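Quick notes on the structure that follows.
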Amino acid sequence: METKVFRKDLGVAREWNERRWAMVKTTRVAWVATLAGLALALCLFGALSPVQARTTSDQPAAILYWPKIVVDTTGRYTGGVPTDTLIRLSNTCAPGITGNPCAGLSTTGLNGMKQAHCFYIDANSHCSNNTTQICQTGAECGVGSCVPGWSEIDFEIVLTKEQPLAWHASEGLGRGDLPMYIPGLCGLPPIHICTSDSQCNGGCIRQQSNIGTGIPPVPEDPFIGSLQCIEYDPLANPPVPDQTATTNTLKGEATIESIPVDAVDLASYNAVGVKFLGSPGASDELLLDGVEYDSCPASLILDHLFDNPESPYLTDLTLVPCGNDFLSQTCGVATAQFVVFNEFEQRFSTTRLVDCFLETPISNLDTPDPTRSIFSVLVQGTLVGQTRIHPVGNAPTGRGLVGVARFLTEGGSTAYNLHQAGSPTAPAAQPDIITIP
Amino acid sequence: MRGLKRNPWLFGLGVLLAVLVVYGGHARADVTTDQSASIIIFPKVIVDGTRDTFIQIANTDNMQANAECVYINTAGTCYDTPSEGCSVDTNCAANTCDTGSGTCVVTPTQTCSVDTDCPPNVCVHQCTEVNFQIFLTGQQPTFWFASEGRSDSDVDFRLDSQVAKVTGGGCLGGFSPGRIQPLPVPFVGELKCIEIDASGAPVAQNSLKGEAIVGSPGVITGSVVGPISEYNAIGIKASGAPSLELTGQTVCAGGDNAGLPCSGALECPGGTCSSVTTGYNACPAALYVNHYGDGAIDSFTGATSDTELTLVPCSELLEQQTPVHASAVFRITTELEQSVSCSVPFDCLLNARLSDLDTNGSGCNFNAALLGSENLKSRIRPPSGSICYSGDNRCHICVDVNDPACSGVPLGTIVGGPSLIGCACGSDSDCPNFLTATGSGSCALSASTACTQESDCNANAGCTGGVCICDTEGGTCIVATPAACPIPGEDCPNGTDQTCSGAISLGCRPWPGLLGVAEEFQTPASQIPGTAAVNLHMEGSRPGDVIIVP
């Protein structure tokens with residue numbers, strides 16, 4: 001397990017407001033809006049093409065993104081409501097089961113085992129005068145400022161065939177919690193647990209187990225960030241990204257759990273997956289180019305209620321880049337262009353930078369004043385809207401985005417996956433790249 | 001199943017509006033919950049007095065989108081067996097006593113979801129459908145509460161009352177998608193919407209998407225604390241022009257598996273996965289969901305968990321008013337890599353807590369304590385083989401005492417052909433008096449022949465007798481007066497020269513595919529429970545589903 005710091009302070013304040021506590025100053029420049037409008041028009045026409053989007057939130061895949069992981073067990077930033085995230089991950093590789101990608105594998109031995117190489121990306125901001133102090137606004141830092149920062153830790157999860165696992169982000173899953181922990185059994189009596197042939201008369205037969213798994217708790221509490229896992233082949237030495245015929249077998253979900261007074265609140269979404277396509281590439285640089293791995297979509301589509309500043313409900317949007325350079329600690333960055341349609345077919349647009357991680361109420365995407373936002377019901381005059389999110393940019397890690405939405409009211413909350421349309425089709429488009437240390 | 005509403009265009013069009021049929025082996029799995037599609041399915045719509053469903057549909061295209069939508073209500077009612085004698089109401093466990101006949105009769109208000117709600121009797125689920133149309137301008141989103149529907153006015157009092165639920169007041173507008181009827185209480189069922197063109201024919205525009213929020217309206221307004229759950233509508237994409245027999249497959253071009261259906265290059269060693277054919281895509285071969293075992297205690301919330309699973313069949317015989325019989329085969333895997341299996345049959349829709357499935361005699365076991373594992377993964381698939389969709393040997397759950405197949409058996413009993421085991425069939429001949437969808441089934445030439453004049457067609461051996469003419473616009477011979485042909489491959493003149501195109505056998509067909517959503521319930525002691533819904537994951541695809549809409 002490694003802990004690394006992506007980088008510090010790109011000059012854009014971070015916000016992770018579950019309930020619109022933080023207001024973030026946004027600068028808008030006229031030419032940016034004009035450019036965004038033109039690009040969005042192109043985007044919309046492009047989205048009408050029959051090209052298939054490629055990421056998936058409803059099929060097993062080889063790369064999984066959980067865009068939103070929240071831990072705040074004391075309720076510091078969640079209105080006093082303790083919050084944690086239950087993460088579920090399972091291996092759907094089922095040797096011998098007709099119709100499964102692993103149907104052709106023998107049901108014996110280590111067949112069907114999979115490994116997930118995972119990265120927590122910590123998007124907490126910290127005070128400039130006390131880097132151990134988590135903050136959301138400069139007011140929390142006294143004479144200092146609240147500096148956005150991102151760091152990642154990576155870890156391994158070994159899954160036996162068909163196995164489901166789950167853990168709370170605040171706790172992780174240590175060795176003592178692993179369901180299957182027997183590394184091997186001697187082939188001949190006396191049969192006992194072994195780790196090498198020298199311990200047995202007749203050889204040590206390795207068993208399917210979770211040995212090698214170590215899921216740490218998220219590095220901070222409170223924590224806001226994302227999780228990303230890449231399917232590995234545990235039988236390779238050393239393990240490498242699984243680009244065999246039996247890959248694309250990981251699936252996951254997350255449930256954000258909160259404990260308001262006298263109640264439980266749950267909000268679940270499916271992890272967003274990217275499939276391996278069959279053209280092996282470098283083991284340390286995964287190309288989401290539609291050849292090696294599926295590409296990220298050209299547009300995300302969010303249907304939502306317009307936020308209502310006069311009534312306690314809002315939609316909270318989380319976006320993360322598809323590409324990240326974990327080797328050089330260069331986080332993905334893209335510009336997200338938003339085109340909003342109301343029920344009268346009227347169109348509005350705005351633009352926002354997504355640097356590693358963006359999480360905000362939609363009515364703070366374009367302005368710190370939600371009553372004047374194009375995502376406000378007071379501005380739109382209709383209850384629901386449809387928003388297309390088109391990522392642009394030329395960062396070396398690509399420009400793709402994935403995300404999830406959470407609808408919050410004073411009464412409860414719920415989460416749902418975004419829809420998507422199209423694949424980046426321009427020949428010169430920089431594919432999304434995940435570089436693994 | 002009764003059609004409560006029909007529109008004039010439907011009769012003009014004929015009965016067959018949309019058909020999903022995939023022949024052959026594995027087809028492409030493009031049933032999706034994160035892309036727009038031509039058919040969208042909301043498998044769980046609840047209006048029960050406590051919970052309501054907030055439905056959102058949007059057109060993702062710049063062109064107008066129209067859709068034909070169908071609600072299917074499967075709310076359950078407790079039934080006594082018809083033979084149960086009585087003299088007073090207390091003799092009837094769930095219902096009332098008809099003193100005239102001396103038998104127990106249904107009490108309409110006695111609702112249920114599973115048999116255990118009606119001890120010692122059975123919970124019977126009717127399958128009634130109502131339909132309506134919606135019209136969306138380019139990129140237009142729309143919404144309605146299922147309990148109230150929507151009027152055809154852009155700003156109307158009913159809309160105001162809905163908006164007031166959310167905003168706490170105020171008057172908002174929006175282009176009306178058309179009149180949408182309010183649902184009766186209770187309603188437990190599904191909503192299917194099929195994208196159509198101006199003439200009412202299905203169209204491969206793939207521009208519909210949707211979401212549903214299930215919960216108390218008061219929770220959405222924020223006026224009360226309570227559970228709400230949201231899921232994405234399930235979409236079935238189409239390519240080309242959806243016609244009567246639709247495949248929607250991609251196949252391997254070159255390589256070891258050339259010609260075989262594929263979903264990606266990984267399945268085509270030495271070749272590529274390409275050649276999308278036209279039609280609606282097939283339903284998945286299997287579904288997956290990760291979930292707590294029922295009774296598991298969440299270590300953070302301290303609440304007891306259970307999961308409510310909702311499954312709907314991909315096939316629907318709405319025009320024929322025939323409930324589709326389906327079955328879900330479960331493979332439940334624990335954290336310890338142990339797997340157990342069971343199957344649950346149902347008609348129209350299954351909406352049940354996993355803890356209820358533990359006790360309904362299906363042999364299922366989702367209990368965390370009994371399995372020794374709190375976290376489970378369930379793989380859900382339809383059975384292998386085929387069943388009679390219609391005809392004398394149709395397999396179904398008895399809900400009607402007047403159904404001859406149900407004579408002498410308690411309501412709720414699964415009945416099928418007496419000579420069949422487990423409702424299986426091998427061919428249409430095992431399903432006597434089966435139905436055929438004939439909406440556009442007509443005779444056509446087996447092979448097209450180019451022509452420039454009538455004599456070119458008369459010279460065709462298959463067109464002797466002047467039955468064929470030259471379609472000069474298309475430059476091919478066509479049948480001059482095509483005959484309706486209810487039986488595929490038969491009823492067309494001139495032997496092998498003409499075949500029946502478009503007619504679909506509703507006899508022996510593969511078990512219906514399954515789609516669904518899961519909703520987790522966490523119930524803390526003496527506190528308000530929490531809920532959250534997730535879309536099920538899908539694996540592969542399977543042939544044979546058919547949707548026939550009036």
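Note that the structure is a prediction, hence the values are computed from the model and not measured. Note that these values count all heavy atoms, side chains included, but never hydrogens, waters or copies made by symmetry. Every chain is numbered from 1, with letters handed out A, B, ... down the list of sequences.
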Classify the ring geometry between A:His168 and B:Phe300 as parallel (under 30°), tilted (30 to 60°) or perpendicular (over 60°). tilted
Would A:Tyr416 and B:Tyr231 satisfy ring pair (Phe, Tyr, Trp, His ring centres under 6.0 Å), going step by step from the backbone distance to the final call? CA-CA 6 Å; A:Tyr416 56 105; B:Tyr231 65 88; over 10 Å; no
Looking only at A:Thr247, A:Asp294, A:Leu86, A:Thr255, the option with the highest number of non-hydrogen pairs under 4.5 Å against chain B is A:Leu86
Heavy-atom closest pair, residues A:Val264 and B:Ala303: CG2-CB, 4.2 Å
Relative to chain A, which segment of B:Thr334 carries a heavy atom at a distance below 4.5 Å: side chain, backbone, both, or neither? backbone
Below 4.5 Å, heavy-atom pairs only: which of B:Asp298, B:Asn206, B:Ile213 has the largest tally toward chain A? B:Asp298
Which atoms form the tightest heavy-atom contact between B:Phe175 and A:Phe344, and what is the distance? CE1-O, 3.3 Å
Could you look at B:Leu376 and say if it's the side chain, the backbone, both or neither that has a heavy atom under 4.5 Å from chain A? backbone
Presence of salt bridge, B:Glu539 and A:Lys251, under 4.0 angstrom: no
Against chain A, label B:Asn59 side chain, backbone, both or neither, depending on which of its atoms sit under 4.5 Å from a heavy atom there. backbone
Quick check for you: among A:Gly385, A:Ser209, A:Ser170, A:Ala94, which has the greatest number of heavy-atom pairs under 4.5 Å with chain B? A:Gly385
Do B:Arg331 and A:Glu162 sit within salt-bridge range, that is, some charged N less than 4.0 Å from a carboxylate O? yes
Is it the side chain or the backbone of A:Thr387 that comes within 4.5 Å of chain B heavy atoms, both, or neither? neither
Is it the side chain or the backbone of B:Ser36 that comes within 4.5 Å of chain A heavy atoms, both, or neither? backbone
For A:Ser279, is it the side chain, the backbone, both or neither that has a heavy atom under 4.5 Å from a heavy atom of chain B? neither
Using non-hydrogen atoms only, which part of A:Glu171 is less than 4.5 Å away from chain B: side chain, backbone, both, or neither? side chain
As an exercise, state the distance from CZ of B:Arg381 to OG1 of A:Thr98, rounded to the nearest 0.5 Å. 8.0 Å
Between A:Asn91 and B:Lys377, what is the shortest heavy-atom contact and its length? O-CE, 3.3 Å
Note: A:Gln386 and B:Thr60 closest approach over all heavy atoms is OE1-CG2, 3.2 Å
Any donor and acceptor pair, going by atom type alone, linking the side chain of B:Asn290 with main-chain N or O of A:Arg88 inside 3.5 Å? no
Pick from B:Ala286, B:Ser373, B:Gly302, B:Ser229 with the largest number of heavy-atom pairs that fall under 4.5 Å of chain A: B:Ser229
Using side-chain contact (heavy atoms from CB on, under 4.5 Å), reason through B:Gln139 and A:Arg347 one step at a time and then give a plain yes or no. CA-CA 9 Å; B:Gln139 304 288 345; A:Arg347 175 188 176 283; over 6 Å; no
Pick from B:Asp34, B:Asn232, B:Asn535: which one makes a side chain to side chain donor-acceptor pair (under 3.5 Å) with A:Ser57? B:Asp34
So, taking the atom named CG in A:Leu266 and the one named CD in B:Glu520, what distance separates them when rounded to the nearest 0.5 Å? 5.5 Å
If you tally heavy-atom pairs under 4.5 Å between each of B:Ser299, B:Ala525, B:Ser339 and chain A, the highest tally belongs to B:Ser299
Please classify the contact between B:Ile234 and chain A as side chain, backbone, both or neither, with a heavy-atom cut-off of under 4.5 Å. neither
With a 4.5 angstrom heavy-atom cut-off, could you sort out which part of B:Glu230 is near chain A: side chain, backbone, both or neither? both
At a heavy-atom separation under 4.5 Å, does A:Leu159 approach chain B through its side chain, its backbone, both, or neither? neither
Does any heavy atom of chain B fall under 4.5 Å from the side chain of A:Ala166, the backbone, both, or neither of them? both
Can you say whether A:Asn342 sits under 4.5 Å from chain B via the side chain, the backbone, both, or neither, judging by heavy atoms? backbone
Smallest heavy-atom separation, B:Val31 atom then A:Asp58 atom, equals O-OD2, 4.2 Å
CA sep, side-chain torsions, deciding dist, call: A:Ile97, B:Arg379, side-chain contact (heavy atoms from CB on, under 4.5 Å): CA-CA 11 Å; A:Ile97 299 297; B:Arg379 185 176 190 267; 3.3 Å; yes
Which bit of B:Thr32 is near chain A, if near means a heavy-atom gap under 4.5 Å: side chain, backbone, both or neither? both
Result of checking A:Leu305, A:Leu383, A:Thr382 against B:Phe143 for side-chain contact (heavy atoms from CB on, under 4.5 Å): A:Leu383
Rounded distance [0.5 Å steps], CD in A:Gln59 versus OG1 in B:Thr33: 9.0 Å
Segment of A:Leu418 engaging chain B (4.5 angstrom heavy-atom cut-off): backbone
Could you check which of B:Thr531, B:Val289, B:Thr523 has the highest count of heavy-atom pairs closer than 4.5 Å to chain A? B:Thr531
Indicate the atoms forming the closest heavy-atom contact of A:Phe341 with B:Pro141, along with that distance. O-CG, 3.9 Å
Is it the backbone or the side chain of B:Pro529 that comes under 4.5 Å from a heavy atom of chain A, or both, or neither? backbone
Distance col, row B:Tyr288:OH vs A:Thr249:OG1, nearest 0.5 angstrom, shows 9.0 Å
Side chain, backbone, both or neither: which part of B:Ala58 has a non-hydrogen atom closer than 4.5 Å to chain A? both
Pick from A:Met180, A:Glu345, A:His304, A:Gln163 with the largest number of heavy-atom pairs that fall under 4.5 Å of chain B: A:Glu345
Just by distance, with hydrogens left out, do A:Glu257 and B:Thr301 show a side-chain donor and acceptor under 3.5 Å apart? no
If you count heavy-atom pairs under 4.5 Å between each of B:Gln527, B:His537, B:Met63, B:Gln338 and chain A, which one has the most? B:His537
Heavy-atom cut-off 4.5 Å, strictly under: side chain, backbone, both or neither for B:Glu374 against chain A? neither
Consider only side-chain N and O atoms of A:Asp303 and B:Gln56, and report whether a donor and an acceptor are under 3.5 Å apart. no
Proximal component of B:Thr142, with respect to chain A [non-hydrogen, under 4.5 Å]: both
